[in-house]
Amino acid sequence: MSSLQMPLSPAWLARPSPEVAPELLGCKLVRRWPDGRQAEGVIVETEAYAPGDPACHGYRRRTQRNGVMFGPAGHSYVYLIYGMYHCLNVVTDGADVPSAVLIRALDLPEPPSWLQGPKNQPLRRWAAGPGKLCRLFEIDRSLDGSLLQPGESLWLKPPEPIRQEQFAVTQTTRIGLTQGADIPWRWYLTDSPAVSKRG
DNA sequence: TTCACGATTCTA
DNA sequence: AGAATCGTGAAG
C-alpha cells in the first residue's frame, strides 16, 4: 500500500483545528455501509472550532452531546442541528481539548449510481452544505464517536496525486454563527463549484 | 421541568 | 423573509 493510500492517522489529526482544517481540503471522505457499499467525496470546504472560541460546542463544558470533542483526535463528532439536519466533524487535537473540523461540502467526481437522495433524487455531482452531505451519506448521531479508520463507517484519505498540485484556497469567516462570527476559520477550494453558497 | 435557540435548508 | 422541527443546555 503506497503512502497515498494510507488513511489519515489520528496522530496527523492531533493538532489544533485551525491548522488541520485547511489541510483537509482535497482529502477524501469515505463512507462505507454495513452491506459493503462504499462512496467517497473530495472535501472542498471546512471550518475549525477550538477552545476559547465562543462558537465551539465545547466552549462552556463537556456534555453528553459534545463529549467526543473532548476525546482524542481521529473520531467523528456528529450532532443534530435545527431538529432536522446532521453535521459531521473530525475531532482534532489532544484529549481534553474540545476541538474539531466541520466538513461543509464534498465534491463527488464519480458518484455511484445507487447513491441517491431520500426522494429518489437525481445523482448529484456534489453535496454543498454540511446538512446535505450528511443526508446524502446517511450520517447521523449513530455514527457519533466512531473511529475514522478503514473498514469502519467513515474514514479519510489523503489527496490523489493529481490533486496534490497547487490549488487556490480561500480563507474567510464561518457561516451561520452569532458568536465568534468574526473569526476567519473557514476554508474552501476557491474554484470549486461544490462549495456551499450562504456566506 | 421549562423554554429559547441553533455550526441548516427549502420554499415563497 | 419565514417555515420546518426537536435535542440541548442554561435557568429556575
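Values below: every heavy atom of this structure, side chains too, minus hydrogens, waters and symmetry copies. Throughout, protein chains are lettered first and strands after them, A, B, ... in sequence-line order, and every chain is numbered starting at 1. Bear in mind that the values here come from a model prediction, so they are computed numbers and not experimental data.
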query = Between CD1 of A/Ile43 and OG of A/Ser192, what distance do you get to the nearest 0.5 Å?
reply = 12.0 Å

request  = Going by the side-chain contact (heavy atoms from CB on, under 4.5 Å) test, name the single residue among A/Arg31, A/Arg32, A/Lys28 that passes it with A/Glu40.
outcome  = A/Lys28

note = The reported gap from CZ in A/Phe70 to CZ in A/Arg61 (rounded to nearest 0.5 angstrom) is 9.5 Å

query = Side-chain donor or acceptor of A/Tyr82 under 3.5 Å from a matching atom on the base of C/dA4?
reply = no

task = Could you grab the distance from atom CD of A/Gln149 to atom CH2 of A/Trp155, nearest 0.5 Å is fine?
result = 10.0 Å

message = Quick check on B/dA7: is either OP1 or OP2 less than 4.0 Å from any side-chain nitrogen or oxygen of A/Arg104?
response = no

inquiry  = From OH of A/Tyr49 over to C1' of B/dA7, roughly how many Å is that when rounded to an integer?
reply    = 4 Å

message = Counting only side-chain heavy atoms from C-beta out, which of B/dC10, C/dG7, B/dT8 sits nearest to A/Pro130?
response = B/dT8

request  = Look at the side chain of A/Met84 and decide which nucleotide, out of B/dC10, C/dA4, B/dA7, has an atom nearest to it.
outcome  = C/dA4

ask   = For DNA chain B, what residues of residues 177-184 of chain A have any heavy atom nearer than 4.0 Å?
value = A/Leu177, A/Thr178

ask   = In Å, rounded to the nearest 0.5 Å, how long is the span from CG of A/Leu156 to CH2 of A/Trp12?
value = 8.0 Å

query = Nearest-Å distance, CH2 (A/Trp185) to P (B/dA7)?
reply = 15 Å

message = Wobble G-U and Watson-Crick pairs count when both distances are under 3.5 Å; given that, what is the 5' to 3' dot-bracket string of DNA chain B, with | for pairing to other strands?
response = ||||||.||||.

message = Tell me the interatomic distance from A/Leu133, atom CG, to B/dT8, atom C1', rounded to whole angstroms.
response = 12 Å

inquiry  = Rounded to whole Å, how long is the line connecting atom OH of A/Tyr59 with atom C1' of C/dT8?
reply    = 18 Å

message = Heavy atoms only, 4.0 Å cut-off, all strands: where does A/Leu80 land among base, sugar-phosphate and nothing?
response = sugar-phosphate

message = With a 3.5 Å distance limit and no angle check, can you tell me whether A/Ser76 reaches the backbone of A/Leu143 through a side-chain donor-acceptor pair?
response = yes

query = A/Leu88 CG to B/dT8 P: how many Å, rounded?
reply = 14 Å

key: Presence of A/Arg61 side-chain N/O under 4.0 Å of C/dA10 phosphate oxygens OP1/OP2   = yes

Test item: side-chain donor near acceptor, A/Thr190 and A/Thr170, under 3.5 Å = yes

task = Counting heavy atoms from C-beta on, name the nucleotide in B/dC10, B/dA7, C/dG9 closest to the side chain of A/Asn66.
result = C/dG9

message = Roughly how many Å apart are C/dT5 and B/dT2, using the P atom of each and rounding to a whole number?
response = 23 Å

request  = Would you please indicate yes or no on a ring centroid separation below 6.0 angstrom for A/His57 and A/Tyr79?
outcome  = yes

task = Check whether any side-chain nitrogen or oxygen of A/Arg60 sits under 4.0 Å from OP1 or OP2 of C/dA11, and answer yes or no.
result = no

query = What is the distance from CZ of A/Arg141 to P of C/dC6, rounded to the nearest Å?
reply = 16 Å

request  = Hey, could you give me the CG/NZ distance between A/Leu106 and A/Lys132, rounded to the nearest 0.5 Å?
outcome  = 12.0 Å

remark   = d(A/Leu108 CG, A/Leu123 CG) to nearest 0.5 Å is 9.5 Å

request  = Answer with base, sugar-phosphate or nothing: what part of the nucleic acid does A/Arg174 contact at a heavy-atom distance below 4.0 Å?
outcome  = nothing

query = Looking only at side-chain N and O atoms, does A/Thr63 come under 4.0 Å of OP1 or OP2 in C/dT8?
reply = no

request  = Using only side-chain N and O atoms of A/Arg135, determine if any of them is under 4.0 Å from OP1 or OP2 of B/dC10.
outcome  = yes

task = Find the distance A/Ile81:CD1 to B/dA4:P and express it as a whole number of Å.
result = 18 Å

inquiry  = Distance check needed: C/dG7 P versus A/His57 NE2, whole Å only.
reply    = 16 Å

